[in-house]
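Here's the structure we're looking at; comments come further down.
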Amino acid sequence: MTGSPEQRSLSFGAEAAAYERGRPSYPPEAIDWLLPAGVRDVLDLGAGTGKLTTRLVERGLEVIAVDPIAEMLELLSTSLPGTPALLGTAEEIPLPDDSVDAVLVAQAWHWFDPQRAIQEVSRVLRPGGRLGLVWNTRDERMGWVKDLGQIIGHDDAHGHTAELPTPFTDIERHQVEWTSYLTPQALIDLVASRSYCITSPERVRVRTLDRVRELLAEHPALANVSGLALPYITVCIRATLA
């Protein structure tokens with residue numbers, strides 16, 4: 001893996017379109033579990049192209065999307081023109097104090113400086129507000145998904161954790177198993193949009209994507225199919241601002 005963590009966290013703009021085409025959404029059960037009853041104003045922090053934002057807007061919530069990458073927010077605004085989309089980071093959230101009922105972070109908490117992010121999230125949340133973290137991880141118990149992990153790196157649901165110190169309480173963890181349906185090309189886009197692939201030397205990137213194409217062409221479960229079923233384990237963590 002090449003590049004510093006900060007460089008990799010900001011690399012997604014180069015493959016924003018592939019990210020939008022290939023990345024999965026989030027299961028309704030996970031969002032139900034993350035959000036408290038009566039929530040109205042939600043910050044999607046590290047919103048990317050709006051995979052989670054879309055699901056929140058569909059629920060009739062007032063959503064603000066924040067991300068540090070302009071190319072990602074441009075795609076989000078194209079699909080969600082009525083949703084505020086602001087350039088910003090978890091360490092410097094461009095919102096006033098006590099402005100939202102919940103902050104959700106999808107696929108991004110591991111990129112943040114946790115100490116500074118906790119301070120900022122605490123600042124923008126109203127008292128009793130909810131912080132929810134969510135990650136999609138591939139379920140590698142299925143043969144071809146495990147083979148994919150050997151090419152692009154294994155996904156481990158147990159690897160996603162977060163230290164959420166005071167002032168957060170009632171910290172809980174939950175998992176949801178579900179299946180994403182995608183085309184073979186979308187699987188290639190999924191791999192192309194991963195930070196390690198984006199920041200790898202060109203020869204390594206090309207070889208990685210070629211190996212994924214070989215898997216699609218040669219694996220008995222994948223060859224000559226127009227659609228794939230990719231199983232996921234979605235990891236959720238929630239906490240309440242005291």
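Scope of the values below: all heavy atoms of this structure, side chains included, with no hydrogens, waters or symmetry mates.
When atom types are taken as modelled, the side chain of Asn136 and the backbone of Ser25 share a donor-acceptor pair closer than 3.5 angstrom. Remark: side-chain polar atoms of Thr53 are not paired, donor with acceptor, to backbone N or O of Thr49 under 3.5 angstrom. Using a distance-only test at 3.5 Å, with no hydrogens or angles considered, no donor-acceptor pair links the side chain of Glu91 to the main chain of Arg116.
With hydrophobic clusters built from ILVMFWY side chains whose heavy atoms lie under 4.5 angstrom apart, Leu190 shares a cluster with Ile188. Under the 4.5 Å side-chain heavy-atom criterion for grouping Ile, Leu, Val, Met, Phe, Trp and Tyr, Leu216 is connected to Val225 within one hydrophobic cluster. Clustering ILVMFWY residues whenever any of their side-chain heavy atoms sit less than 4.5 angstrom apart, transitively, puts Leu61 in the very cluster that holds Val134. Val204 is not connected to Leu215 by any chain of hydrophobic side-chain contacts under 4.5 Å among Ile, Leu, Val, Met, Phe, Trp and Tyr, and they are in different clusters. Both Val121 and Leu86 belong to a single network of hydrophobic side chains, linked directly or stepwise wherever heavy atoms of I, L, V, M, F, W or Y lie under 4.5 Å apart.
Side-chain atoms of Arg23 and Gln107, non-hydrogen and from C-beta on, do get closer than 4.5 Å to each other.
Nearest heavy atoms, Ala47 versus Asp67: N-OD1, 3.3 Å. Nearest heavy-atom pair across Leu76 and Gly48 is CD1-O, 3.7 Å. Residues Leu241 and Ser122 share a closest heavy-atom pair of CD2-O, 3.7 Å. For the residue pair Ala102 and Leu35, the shortest heavy atom distance occurs at CB-CD2, 4.0 Å. Contact detail for Leu164 and Ile171: the closest heavy-atom pair is O-CD1, 3.1 Å. Looking at every heavy atom in both residues, Ala117 comes nearest to Trp109 through CB-CH2, 3.9 Å.
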Inset, instruction - Take Val42 and Asp101 through the side-chain contact (heavy atoms from CB on, under 4.5 Å) test and state the conclusion after the steps. - result: CA-CA 6 Å; Val42 181; Asp101 301 314; 5.8 Å; no
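Here the straight-line distance linking atom CH2 of Trp135 with atom CD1 of Ile237 works out to 4.5 Å at 0.5 Å rounding. The distance from atom CG of Asp147 to atom NE2 of His219, rounded to the nearest 0.5 Å, is 4.5 Å. In this structure, CG on Asp32 lies 10.0 Å from SG on Cys236, to the nearest 0.5 angstrom. Taking CZ of Arg238 as the start and CG of Leu104 as the end, the distance is 12.0 Å to the nearest 0.5 Å. Rounded to the nearest 0.5 angstrom, Arg126 CZ and Arg40 CZ are separated by 5.5 Å.
Surrounding CD of Glu62 are at most 12 heavy atoms belonging to other residues, nucleotides or ligands under 6.0 Å away. In Asn224, the CG atom is not crowded: 12 or fewer heavy atoms of neighbouring residues, nucleotides or ligands sit closer than 6.0 Å. The number of heavy-atom neighbours closer than 6.0 Å to CD of Glu74, taken from other residues, nucleotides and ligands shown, is 12 or below.
A salt bridge is absent between Arg123 and Glu92: the closest approach of a Lys/Arg side-chain nitrogen to an acidic carboxylate oxygen does not fall below 4.0 angstrom. In this structure, Arg55 pairs ionically with Glu58, as a charged nitrogen and a carboxylate oxygen lie closer than 4.0 Å. Salt bridge Asp210/Arg207: absent, no basic N to carboxylate O contact under 4.0 Å.
In this pair, His174 and Trp33 present their aromatic rings parallel. The plane angle is below 30°, not in the 30 to 60° band. Ring geometry for Tyr232 versus Trp178: interplanar angle under 30°, hence parallel rather than tilted (30 to 60°).
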